[in-house]
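Take a look at the structure set out below.
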Amino acid sequence: MAKRKIAVVGAGLIGLSTAVYISESISKCSVTVISDKFTPNTTSDVAAGMLIPHTYLGIPIHQQKQWIRETFDYLFEINNSSEASDAGIHLVSGWQIFKTIPDEVLPFWSDVVLGFRSMTEEELKKFPQHRFGQAFTTLKCDCPSYLLWLEKRLKGNGSQVYARRIKDLWELHSKYDIVVNCSGIGSRELMGDLEIYPVRGQVLKVNAPWVNHFIRDGDGLTYIYPGIHNVTLGGTRQKDNWSLSPDPRSSKDIFDRCCALEPSLQRAQDIKERVGVRPSRLAVRLQKEILVHDGKKLPVVHNYGHGSGGFSVHRGTAKEAARLVGECIAALEGASSKAKL
Ligand SMILES: Cc1cc2nc3c(=O)[nH]c(=O)nc-3n(C[C@H](O)[C@H](O)[C@H](O)COP(=O)(O)OP(=O)(O)OC[C@H]3O[C@@H](n4cnc5c(N)ncnc54)[C@H](O)[C@@H]3O)c2cc1C
Ligand SMILES: O=C(O)CCC(=O)C(=O)O
């Protein structure tokens with residue numbers, strides 16, 4: 001049986017992790033990643049890389065929890081292997097703090113991360129403006145390192161990677177049997193999907209190696225995430241804003257908010273501004289679609305719209321996309337056997 005040719009459009013966290021999952025789990029296919037941008041120039045490169053879930057209002061909680069758990073387990077295995085440093089994966093402990101007691105004292109993902117508990121009164125003394133807090137250990141990655149690691153894995157198993165902008169997925173029809181669309185915010189134009197919208201995020205990457213614990217304000221706007229090479233200070237969430245230029249006023253505001261939580265950051269050095277546009281959608285679009293032109297068909301699997309939580313669920317959504325690709329291959333095999341009869 002001939003190998004089925006799969007094109008994956010997009011080389012962010014979602015495209016590369018989906019391509020890796022397909023190439024490592026489906027034997028009867030060859031995988032090619034096609035993208036107009038690669039690391040270090042994708043939204044995924046800007047991500048803080050914290051496994052800290054964001055709720056998708058349009059997806060059942062049990063489904064989201066499964067994606068988070070699959071992602072946590074996968075990254076935890078990398079963390080415990082000799083690949084950890086190359087992949088940029090590490091564990092990090094810290095606090096999520098709240099000015100008022102949240103509705104969800106025990107979030108649905110509390111048994112996925114490690115050692116989840118309420119903060120003690122003693123711990124809360126460090127944050128006089130906050131009344132409640134949660135302490136836990138989760139996984140974090142240095143996203144540019146992880147993207148390079150995923151790309152290396154792909155090339156190592158014989159997959160191809162090409163730079164090209166796709167105007168219409170149908171362009172890929174003559175060369176590929178199945179297309180997997182992981183174009184993130186690019187799907188707004190590529191698919192004409194107006195349900196996906198940009199949410200601009202600005203962060204600072206600073207040198208402050210003495211900061212070892214993460215601190216996240218429960219409102220999701222202010223966070224301090226220590227990583228391997230730097231500490232990420234966030235952030236902003238600006239709906240319908242496409243600007244990739246850093247805004248100096250936002251940088252000052254971020255810095256001041258983070259210093260209010262961790263005053264030692266006043267001594268931080270080498271401050272760099274980074275901006276990304278989150279591909280936000282009520283629900284991740286994870287589904288099959290058959291494109292039809294002049295009686296010819298092209299099966300497409302969509303995997304885009306991960307918003308603020310792409311890193312936290314990427315392995316789970318990659319697995320689901322690969323399952324849908326498997327269904328497309330089975331349908332193509334069924335159609336070609338019927339044609340031979
Ligand atoms: C400031 C910030 C901090 C964040 N922190 C976290 C975090 O800590 N934890 C977390 O879980 N998530 C975080 N996120 C969210 C996370 O970054 C996204 O969910 C994730 O990066 C989305 O990945 P993606 O691959 O879909 O998109 P992208 O990284 O944007 O990749 C899309 C790819 O598709 C390509 N493409 C698009 N259109 C076309 C086309 N027409 N032809 C060819 N190629 C095309 C692009 O070039 C690109 O390679 C953060 C986001 C921001 C902005
Ligand atoms: O929300 C967080 O705490 C992690 C960073 C993030 O996901 C974001 O800024 O979108």
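Remember, it's 1-based here, ligands and their atoms both numbered in the order they're listed. Values below: all heavy atoms of this structure, side chains included; hydrogens, waters and symmetry mates excluded. We're numbering straight along the sequence, starting at 1.
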Testing the 3.5 Å rule here: is there a donor-acceptor pair between the side chains of [X] and [Y]?
{"X": "Asp253", "Y": "Ser250", "answer": "no"}
{"X": "Ser243", "Y": "Asn241", "answer": "no"}
{"X": "Thr317", "Y": "His306", "answer": "yes"}

*asked:* Nearest 0.5 angstrom please: Ile52 CD1 to Phe311 CZ, how far?
replied: 12.0 Å

[X]-ligand 1 polar pair, N/O distance under 3.5 Å:
{"X": "Lys37", "value": "yes"}
{"X": "Arg278", "value": "no"}
{"X": "Pro279", "value": "no"}

Do me a favour and list the nearest non-hydrogen protein atom to [atom] with residue, atom name and distance?
{"atom": "atom 14 (N) of ligand 1", "value": "Ser308 O, 3.5 Å"}
{"atom": "atom 28 (P) of ligand 1", "value": "Ser44 OG, 3.8 Å"}
{"atom": "atom 16 (C) of ligand 1", "value": "Gly307 O, 3.9 Å"}
{"atom": "atom 47 (O) of ligand 1", "value": "Asp36 OD1, 2.4 Å"}
{"atom": "atom 24 (P) of ligand 1", "value": "Ile14 CG1, 3.6 Å"}
{"atom": "atom 8 (O) of ligand 1", "value": "Met50 N, 2.9 Å"}
{"atom": "atom 10 (O) of ligand 2", "value": "Arg278 NE, 2.6 Å"}
{"atom": "atom 7 (O) of ligand 2", "value": "Ser308 O, 2.8 Å"}
{"atom": "atom 1 (C) of ligand 1", "value": "Val203 CG1, 3.7 Å"}
{"atom": "atom 42 (N) of ligand 1", "value": "Ile166 N, 2.9 Å"}

*So between Gly310, Ala47, Ala11, whose heavy atom ends up nearest atom 50 (C) of ligand 1?*
Ala47

*Heavy atoms only: which of Pro53, Ser35, Ala48, Ser183 is nearest to atom 32 (C) of ligand 1?*
Ser183

_Strictly below 4.0 Å, N to O, side chains only: are Asp217 and Arg257 in salt-bridge contact?_
no

Give the atom numbers and elements of ligand 1 that come within less than 4.0 Å of a heavy atom of [X].
{"X": "His306", "result": "19 (O)"}
{"X": "Gly184", "result": "26 (O)"}
{"X": "Gly186", "result": "37 (C), 38 (N)"}
{"X": "Thr42", "result": "29 (O), 49 (O)"}
{"X": "Gly276", "result": "53 (C)"}

Could you tell me if any non-hydrogen atom of [X] lies under 4.0 Å from any atom of ligand 1?
{"X": "Arg164", "answer": "yes"}
{"X": "Ile52", "answer": "no"}
{"X": "Ile185", "answer": "no"}
{"X": "Cys182", "answer": "yes"}

*Report yes if the side chains of Pro144 and His229 come closer than 4.5 Å at any heavy-atom pair, otherwise no.*
no

*Co-membership, hydrophobic cluster, residues Met50 and Tyr56, 4.5 Å side-chain*: yes

*Should Leu324 and Trp67 be counted in the same cluster of Ile, Leu, Val, Met, Phe, Trp and Tyr side chains packed under 4.5 Å apart?*
yes

*Hey, would you say the Phe127 and Trp95 ring centroids sit under 6.0 Å apart?*
yes

*Between Lys140 and Ala48, is there a donor-acceptor pair closer than 3.5 Å when you use the side chain of the first and the backbone of the second?*
yes

*Option passing salt bridge (charged side-chain N to carboxylate O under 4.0 Å, His left out) with Glu70 (candidates Lys319, Lys65, Arg323, Arg315)*: Lys319

*Just do the side-chain contact (heavy atoms from CB on, under 4.5 Å) check on Asp111 and Arg69 with the steps written out, would you?*
CA-CA 9 Å; Asp111 59 348; Arg69 195 183 285 287; 3.7 Å; yes

*Fit a plane to each ring of Trp170 and His293, take the angle between them on a 0 to 90° scale, and name the class: parallel (under 30°), tilted (30 to 60°) or perpendicular (over 60°).*
parallel

*Measure the distances from the heavy atoms of Arg216 to every atom of ligand 2 and state whether one is below 4.0 angstrom.*
yes

*Return yes when Tyr225 approaches ligand 2 closer than 4.0 angstrom through a heavy atom, no otherwise.*
yes

*Can Glu333 and Lys28 be said to form a salt bridge (charged side-chain N to carboxylate O under 4.0 Å, His left out), step by step?*
CA-CA 11 Å; Glu333 303 302 342; Lys28 41 190 175 179; 5.4 Å; no

*Could you tell me which atoms of ligand 2, counted from 1 in the order shown, lie closer than 4.0 angstrom to a heavy atom of Ile52?*
2 (C), 3 (O), 4 (C)

_With Tyr197, the side chain to side chain contact (heavy atoms under 4.5 Å, CB included) member among Lys239, Arg278, Arg281_ = Lys239

